[in-house]
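A short write-up of the structure that comes next.
In listed order, ligands and their atoms are each counted from 1. No experiment lies behind these values; they were computed from the predicted model shown.
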Amino acid sequence: MTISTGVLPLAAEPSGPLRGRLKPPGDKSISHRAFILGLLCVGRTEIEGLLEGEDVLHTGQACRALGAKIERLGDGRWRVEGVGIGALLPPSDPLDFGNAGTGTRLMMGVVGGHGIKARFDGDASLRKRPMRRVLDPLVQMGAEVLEAAEGGRCPILLKGTPEPLPIEYVTKVASAQIKSAVLLAGLNSPGRTILVEPQASRDHTEKMLAYFGAKIASESFGQGRRIVLDGRPELRPARIVVPADPSSAAFPMVAALIVPGSEIVIEGMMMNALRTGLVQTLREMGGGIEILDRREEGGETVADLCVRASELCGVDVPEERAPSMIDEYPILAVAAAFAKGQTRMRGLSELRVKESDRLAAIAAGLRAAGVQAAVEGDDLIVEGRSEVAGGGCATTHLDHRIAMSFLCLGLAARRKMAIDDARMIATSYPTFLAQMGQLGARFS
Ligand code: S3P
């Protein structure tokens, strides 16, 4: 997948009521893992509903480079023929992950636990992101970092170990990426890998590993979890149905809440409790979100959500909720801009190391739209008003979620809102403009 080199400025116009139904694309976290687990078992894994965004396609390319045969059968339908744990091939070229931090970090776990060398690299945003948080435990397991740019950043040349030491690792930040890298490396360990997280992060790796036949147990304590994985399992290929991504659904959801007169239905959204902090918060703000037809699909609970334009009020979002809505703060901040009173979002230090420094990017974008916003320590404070001026331009810093958030703001502002570059939207939500357009959103 190539990304054009020029930038793509875009604006969202004040739009009439948003109406209709949509099914957001497949979950990005599960889609990355579907390719990776397909690589790690012998035989055919069939995937339905895969997110065909650039991030996931980069992970697919990396899996190919490590020996998997991957074929697209139709829209969202893919087949992976894996090589199995312990049998990965050394890649002949550097692995290019584009904008994808998740693909990079998870694959560092895979390579770190195998006796192969691989070079990891990506775009300018990825090259700024911290990788030591993943490399440190991998080094404890026996991997070696042969080359890295300043501060342990990409490009990185990693030499994995054919016999990862079984370790007990306590993560310092609630991060599913760190947890997953350690567990994926632990798959090729002759012993037991134990991962302790002080605050539970998304659990897709654990659930999918169990579904593929690994022996993995997870127990809760306080806000955290202790996960025990037995190494060298015989993974069985499986059929994966990817549910709609709550982190993508967040954009039409908030747009429908803030554009007067809107009413939409979001179909088949994943309701995993470790991913639904935004729905909880928007409902606390007075958002009219009705949860319909909860059901089980492909091992996850999904539901249809009926969302109606609502008068929102400011709230205090506790730090403990951050892992369950970590990617949703940019769009929550947009909802907060239209709410009555102040919203304080606490404990957001991790936002500084996402695809961009999101704390800074959100505050700057809101100010460009005429909204008062401040960063105090690790908290983001937004002073909401029922009328948002718009009329400015948000700088996106190669960050898809900043781009989509400020386009949503423009749909409900008094004047159109521009973004400097819409290209990165294709990393996670390639059908965003088309789906929003079908609901009645106007872009220019
Ligand atoms: C992800 C975990 C989160 C999230 C990212 C996807 C994953 O990162 O921000 O978009 O699929 O594991 P952290 O675990 O580093 O918070």
Suppose we measure from [atom] to each protein heavy atom; which comes out shortest, and what is that distance?
| atom | answer |
| --- | --- |
| atom 14 (O) of ligand 1 | Ala176 N, 2.6 Å |
| atom 11 (O) of ligand 1 | Ser29 OG, 2.7 Å |
| atom 15 (O) of ligand 1 | Ser175 OG, 3.0 Å |
| atom 10 (O) of ligand 1 | Asp327 OD2, 2.7 Å |
| atom 6 (C) of ligand 1 | Thr102 OG1, 3.3 Å |

Any N/O of Arg105 closer than 3.5 Å to an N/O of ligand 1?
no
Start with the C-alpha distance between Thr171 and Gln199, add both sets of side-chain angles, then the distance that settles side chain to side chain contact (heavy atoms under 4.5 Å, CB included), and finish with yes or no.
CA-CA 9 Å; Thr171 56; Gln199 256 192 302; over 6 Å; no
Nearest non-hydrogen atom to atom 8 (O) of ligand 1 belongs to which of Glu350, Arg33, Lys354, His204?
Lys354
Between Asp327 and Lys28 (salt bridge meaning N to carboxylate O under 4.0 Å), is one present in this structure?
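Between Lys28 and Asp327 there is no salt bridge, as every charged N stays at least 4.0 Å from the carboxylate O atoms.
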In the structure I gave you, are the side-chain heavy atoms of Pro155 and Glu147 within less than 4.5 Å of one another anywhere?
no
Looking at side-chain heavy atoms only, is the closest gap between Ile402 and Glu355 below 4.5 Å?
no
Does one side chain, of Glu296 or Thr301, offer a donor that lies under 3.5 Å from an acceptor on the other?
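Looking only at side-chain atoms, Thr301 and Glu296 do form a donor-acceptor pair, the distance falling under 3.5 Å.
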Have Ser175 and Arg133 got a donor and an acceptor in their side chains that come within less than 3.5 Å?
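There is no such pair (donor and acceptor under 3.5 Å, judged by atom type) between the side chains of Ser175 and Arg133.
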